[in-house]
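For ligands, and for the atoms within them, numbers begin at 1 and follow the listed sequence. Since this is a predicted model, take the numbers as computed values, not measurements.
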Amino acid sequence: MKILVINPGSTSTKIAVYENDTPRLVRNIRHTVDELSSFSHIIDQFEFRKNLVLKELEADNIPFEFDAIVGRGGLLKPIPGGVYEVNDAMLDDILHAMRTHACNLGCLIASELATLLPGCRAFIADPGVVDELDEIARITGSPLMPRITIWHALNQRAIARRYAAAQHVRYEDLDLIVCHLGGGISVGVHHHGKAVDVNNALDGEGPFSPERAGTLPAGQLIDLCCSGRYTKDELKKRISGRAGLTAHLGTTDVPAIVRRIEEGDRHAGLVLDAMIYQIAKSIGAASVVLYGKIDAILLTGGMAHSDYIISRLKERISFLAPVHVYPGEDEMEALALNVLGALRGELPIQVYK
Ligand SMILES: Nc1ncnc2c1ncn2[C@@H]1O[C@H](COP(=O)(O)OP(=O)(O)OP(=O)(O)O)[C@@H](O)[C@H]1O
Ligand SMILES: CCCC(=O)O
C-alpha cells in the first residue's frame, strides 16, 4: 500500500511517502514569514503548497502513484477522533471554515491530488477539532462564550502513545500533560486516554506562541475591536497569525532569536522568556486538573528542539512530574499508520456529516 502524507503547518509544509508502515521519504519544507505574507489568506496558499508537494516528489524521483493520500486537517465542526474519508460535506465546511489554519489545506490538497489517480482515496485523521473536553472544562464566566478547543490532537496523542509504549503501559491507563510547542502551542490534559482539557491554541487561549497571541486582556481587546483602527480580518490575524514572537520580534525562527539574545538583544530575551513563563503557567494550571497526580509531562513540537526553551521550562515545571522531551512531531507517521489501519480494515473509517 502506497500512502502520500501532506501536513501543512503554520511555518512549514511536511511531506512523507509510506510504503505500508515504512517511510520512503520524509521532508520538512520551512517557510519564512516573508514568503507566506505575500498571501492575503491561508486558502490562497493552496496552489503554492500543492505545487511544493508535487515538486518534492519529482525531485526525489517518487512516481505519482498512491493508494491513498492523507492530509492533516482541517478545522471542521467538533468531532470524535479517528480516520475520516474526505467527502463533499467536509470540503464544503473547509471552504467555508470560520477558522483559517494551514492544516485546512491538507484536506483540500489531499482531495485534489487523489482525484488525479483512479482508485486513490483521500483521508484526514485526528484533526485539530477533536473534542473530548470534560463538561466542567467548557464553562466560562459568560454563557455566551463556552470554551471550545483547537489543538494538536494528532501529535499530542501520537506522542502520548509513544511514551506509553516505552513504559510498557496502556495510554488509556495514564494521566499525562502533553505540551505541543509548534507555531501554535497547545497544552493538553490526557486522563486515561481522553483529552479532558486543552486550550484553544489558535483563537486566543493559552500561552502566546511563535504565531499566536494566546490569552489577551479581554477589555483591551474589546476597545481595540471598537477603535475603528482595524478590520475584523486584521484583528483575527493579530490573534492567530501575526501575533506572538513574530509580532514582537518579526520572526518565528527560534534559533535566530536565540542568536540575537546571545548577541545581546535584551528585548528578544525578555519576549522569549515571557513565552516560556506563559507555557509553564499553563502546564501548572493543567496539573490541577489531575489533582497533581501526573505520570509525566511530555514536551513536543518544533520548539522542543531548543535547549534554550527546554532548559528554562524544565526549571519551572520539573517539580510537578517527570518531564520527557520529544522534539519535532510524530504526525507524519501517525497519519500514515492511521490510514494504513483504516485501509486494512483494522480501524473504522468514519463519515463526516
Ligand atoms: N532545531 C530547532 N531548534 C529550535 N527551534 C526550532 C527548531 N526547529 C524548529 N524550531 C521552531 O519550532 C517552531 C515551529 O514548530 P513546528 O515545526 O512544530 O510548527 P508547525 O508545524 O509549522 O506548526 P504547528 O506545529 O503549530 O502546526 C518555529 O518557531 C521554529 O523556529
Ligand atoms: C490545530 C492547531 C492549532 C494551532 O496551530 O494553533
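Relative ring orientation between Phe208 and His248 is described as tilted, the plane-to-plane angle lying within the 30° to 60° band.
The aromatic ring centres of Phe48 and Phe39 sit less than 6.0 Å apart.
The nearest heavy-atom contact from the protein to atom 1 (C) of ligand 2 is Trp151 O, 3.4 Å. Among protein heavy atoms, the minimum distance from atom 13 (C) of ligand 1 is reached at Met303 CG, 3.8 Å. Closest protein heavy atom to atom 6 (O) of ligand 2: Arg212 NE, 2.7 Å.
Each of the atoms 1 (C) of ligand 2 lies under 4.0 Å from some heavy atom of Ile150. Taking every heavy atom of Gly184 and a limit of under 4.0 angstrom, the matching atoms of ligand 2 come to 6 (O). The atoms of ligand 1 that sit less than 4.0 Å from any heavy atom of Pro210 are 29 (O). Set against the non-hydrogen atoms of Asp253, the atoms of ligand 1 under 4.0 Å away are 31 (O).
At a threshold of 4.0 Å, the pair Arg229-Glu234 does not count as salt-bridged, since none of the basic side-chain nitrogens sits closer than that to a carboxylate oxygen. Comment: Asp265 does not engage Arg259 in a salt bridge, judged by the lack of any side-chain N to carboxylate O separation of less than 4.0 angstrom.
Both Val53 and Leu25 belong to a single network of hydrophobic side chains, linked directly or stepwise wherever heavy atoms of I, L, V, M, F, W or Y lie under 4.5 Å apart.
When Glu329, His305, His101 are checked for heavy-atom proximity to atom 2 (C) of ligand 1, His305 turns out nearest.
Glu205 does not count as a contact of ligand 2, since none of its heavy atoms falls under 4.0 Å from the ligand. The shortest separation from a heavy atom of His152 to ligand 1 is under 4.0 Å, placing the residue in contact. The closest approach between a heavy atom of Arg72 and any atom of ligand 1 is below 4.0 Å.
Taking distance alone, with nitrogen or oxygen atoms compared against 3.5 Å, His180 approaches ligand 1 more closely than that limit.
Of all the heavy atoms of Glu211, none lies under 4.0 Å from any atom of ligand 1, so neither backbone nor side chain is involved. Contacts between Arg212 and ligand 1, counted as non-hydrogen atom pairs separated by less than 4.0 Å, are absent for every part of the residue.
Cation-pi check for Arg49 over Phe46 is not met; the charged atom does not lie both under 6.0 angstrom from the ring centroid and within 45 degrees of its normal.
Between the side chains of Asn155 and Thr300, at least one donor N or O lies within less than 3.5 Å of an accepting N or O.
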